[in-house]
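Written below as structure tokens is the structure these notes are about.
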2 protein chains.
Amino acid sequence: MDWWSTVIGLIAGGLTTASFMPQVIRIWRRRSANDLSLTASVMFTVGITCWLIYGIQLHALPIIIANAVTLGLNLSILGLKLRHG
Amino acid sequence: MDWWSTVIGLIAGGLTTASFMPQVIRIWRRRSANDLSLTASVMFTVGITCWLIYGIQLHALPIIIANAVTLGLNLSILGLKLRHG
């Protein structure tokens, strides 16, 4: 894997992980998550948990870190969705 | 990588990719995406585009397929968000 691919991969992981922060903030501020699909939120959270297990099995630290952060943010989104509807 | 890790990885990719379908359907039906963060949607879409480029550079078909489908679904979400607010 060359240098350029690694940079693109790091940008990709950084963006997809960080992207859930503004979503958490928006639901938190507006106290509303009605437009969010509960099914989508549950499927995504279970999927990210599987990615985390996969990373642990492979001892792949970047997969573990990115998915641990993404899982935390998505559990917040799921919690806010269940609370505010 | 053992058999069990591959199964977990496939479940992970399947779930995180498919999870965007119920979200597309929900916005489409309700004609409302007000609770979705535009910043989150743009960041995630750009991030997934980077994952797709990364997969192409690595000639990694599973990364290419999962991210191509995820990109299509997230472009739909972004389009619906811009249309319905």
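What you are looking at is a predicted structure, and each value in this text was computed from that prediction instead of being measured. Convention: sequence-line order gives letters A, B, ...; per-chain numbering from 1.
In this structure a side-chain-to-backbone donor-acceptor pair under 3.5 Å is present from A:Gln23 to B:Ser37.
Note on B:Ile48 and A:Leu10: separate hydrophobic clusters, where clusters join Ile, Leu, Val, Met, Phe, Trp and Tyr whose side-chain heavy atoms are under 4.5 Å apart, directly or indirectly. By the rule that hydrophobic residues join a cluster once side-chain heavy atoms approach within less than 4.5 Å of another member, A:Phe20 and A:Trp28 end up as members of one cluster.
The residue among A:Gly13, A:Ala33, A:Ser19, A:Gly14 with the most heavy atom pairs within less than 4.5 Å of chain B is A:Ser19. Ranking A:Ile8, A:Asn34, A:Ile53, A:Thr39 against chain B, the residue ahead of the rest is A:Asn34, based on heavy-atom pairs under 4.5 Å. Options A:Val46, A:Ile11, A:Leu36, A:Val42 differ in how many heavy-atom pairs under 4.5 Å they form with chain B, and the most are formed by A:Leu36.
Across all their heavy atoms, B:Cys50 and A:Ala12 have their closest contact at CB-CB, 3.5 Å.
Using a 4.5 Å cut-off on side-chain heavy atoms (C-beta onward), A:Phe44 and B:Leu15 make no contact. Contact check for A:Ser5 versus B:Leu58: side-chain heavy atoms found under the 4.5 Å cut-off. The closest side-chain heavy-atom distance from B:Ile27 to A:Asp35 is not below 4.5 Å.
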